[in-house]
Amino acid sequence: MAQIGSAEEVAQFIYDALQERFPDAQCELVFNSPFELLIATILSAQCTDDRVNLVTASLFAEANTPESILRLGQIALETKIRSLGLYHNKAKNILAACKELVENYYGQVPDDIESLRRLPGVGRKTANVVVSNAFGVPAIAVDTHVFRVAHRLGLAHEKTPEKVEQELMQIFPRDRWSLIHHLLIFHGRRICNARKPACVECPVNQVCKMYFEDKR
DNA sequence: ATCCCGAGGG
DNA sequence: CCCTCTGGAT
């Protein structure tokens, strides 16, 4: 293991190395308003961002406000998003969320995580993506990639996403949370994937817990 | 067959 | 904690 000291210094090293490896790491969903990002993020569950962008391009051309989405109704919305999978629940949640936005938020998307998470279909990952990418709020949500990567690297030890999120927020400076979120996701997809991680070409294997314990 | 940048419900 | 929802890519 390289001689790098504290957890914060290891975190710093990982941040620098991943940023160099993935200089274009960022939210890949296409959106023109917080509302569009909210809908796109709900739609992104269990499918890739490029397929979401394909669907939302035509969806938002027709309806890009809570009121206009509500006018589509369940069946029309389902039809439009069918190719993304999980379409029934996504459509139901989106319509319920739009209804709440109209009734309780003057049709605007709230800019805080707590309010967002009370909306149907909005969990911690969706809420994080919306606040960090639409409102500039520092946030680092733990999805499957972040969870796996953080544990392999030895950055996290807790078993629940909530606690791992706390651990990560402790070792990374607040002003980097949003980017580290995307860096860990990019790394988790391109290199540190679930099945067969490419440890040989991993830019942070020298500080990786799993790399040394499993000596891959 | 298996996995995907999830969320809600039992 | 485990299950289910779903189509598409690999």
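Atoms considered below: every heavy atom in the structure, side chains included; atoms not considered: hydrogens, waters and symmetry mates.
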Using whole Å, what does the distance between atom [atom2] of nucleotide [N] and atom [atom1] of [X] come to?
X: A/Tyr87; N: B/dA7; atom1: OH; atom2: C1'; answer: 18 Å
X: A/Leu37; N: B/dC5; atom1: CG; atom2: P; answer: 17 Å
X: A/Lys196; N: B/dC4; atom1: NZ; atom2: C1'; answer: 19 Å
X: A/Leu43; N: B/dC4; atom1: CG; atom2: C1'; answer: 15 Å
X: A/Arg82; N: C/dG7; atom1: CZ; atom2: C1'; answer: 10 Å
X: A/Lys159; N: C/dC1; atom1: NZ; atom2: P; answer: 7 Å
X: A/Glu162; N: B/dG6; atom1: CD; atom2: C1'; answer: 13 Å
X: A/Asn193; N: B/dC4; atom1: CG; atom2: P; answer: 9 Å

Distance between the [atom1] atoms of [N] and [M], in whole angstroms?
N: C/dG8; M: B/dG8; atom1: P; answer: 24 Å
N: B/dC5; M: C/dC1; atom1: C1'; answer: 23 Å
N: C/dC5; M: B/dC4; atom1: C1'; answer: 14 Å
N: C/dT6; M: B/dG10; atom1: P; answer: 15 Å

* When you measure from the side chain of A/Ser115 to the backbone N and O of A/Asp112, does any donor-acceptor pair fall under 3.5 Å? -> no
* Sub-3.5 Å donor-acceptor pair from the side chain of A/Asn93 to the main-chain atoms of A/Pro120, do we have one? -> no
What nucleotide, of [options], holds the atom closest to the side chain of [X]?
X: A/Asn89; options: C/dG7, C/dC5, B/dC5; answer: C/dC5
X: A/Arg51; options: C/dG8, B/dG6, B/dC5; answer: C/dG8
X: A/Ala194; options: B/dC4, B/dC5, B/dG6; answer: B/dC4
X: A/Leu86; options: B/dC5, C/dT6, C/dG8; answer: C/dT6
X: A/Ile185; options: B/dC5, B/dG6, C/dG8; answer: B/dC5

Distance below 4.0 Å between [X] side-chain N/O and [N] OP1 or OP2:
X: A/Gln46; N: B/dG6; answer: yes
X: A/Thr41; N: B/dG6; answer: no
X: A/Arg195; N: B/dC3; answer: yes
X: A/His88; N: C/dC5; answer: no

So which protein N/O to nucleotides 8-10 of chain B N/O distances come out below 3.5 Å?
unit_1: B/dG8; atom_1: OP1; unit_2: A/Gly121; atom_2: N; d: 2.8

* Asked: Looking at A/His181, A/Gln12, A/Gln19, which hits side-chain hydrogen bond (donor to acceptor under 3.5 Å, both in side chains) with A/Arg176?
  -> A/Gln12
* To do: May I have the step-by-step check of side-chain contact (heavy atoms from CB on, under 4.5 Å) for A/Val207 and A/Phe212, ending in yes or no?
  => CA-CA 8 Å; A/Val207 296; A/Phe212 282 88; over 6 Å; no
Just call it for [X]: base, sugar-phosphate, or nothing, with non-hydrogen atoms closer than 4.0 Å on any strand.
X: A/Thr144; result: sugar-phosphate
X: A/Arg189; result: base
X: A/Arg124; result: sugar-phosphate

* Could you tell me whether the side chains of A/Arg148 and A/His151 share a donor-acceptor contact shorter than 3.5 Å? => no
* **Under 3.5 Å side-chain donor-acceptor pair for A/Thr65 and A/Ser68** => yes
* Structure fact -> side-chain hydrogen bond (donor to acceptor under 3.5 Å, both in side chains) filter on A/Gln74, not counting sequence neighbours, yields A/Glu78
* Structure fact -> residues 45-74 of chain A vs salt bridge (Lys or Arg N to Asp or Glu O under 4.0 Å), sequence neighbours excluded, gives A/Glu62-A/Lys80
* Asked: Hey, mind stepping through A/Ser83 and A/Val55 against side-chain contact (heavy atoms from CB on, under 4.5 Å) and telling me if it holds?
  -> CA-CA 8 Å; A/Ser83 67; A/Val55 165; 3.7 Å; yes
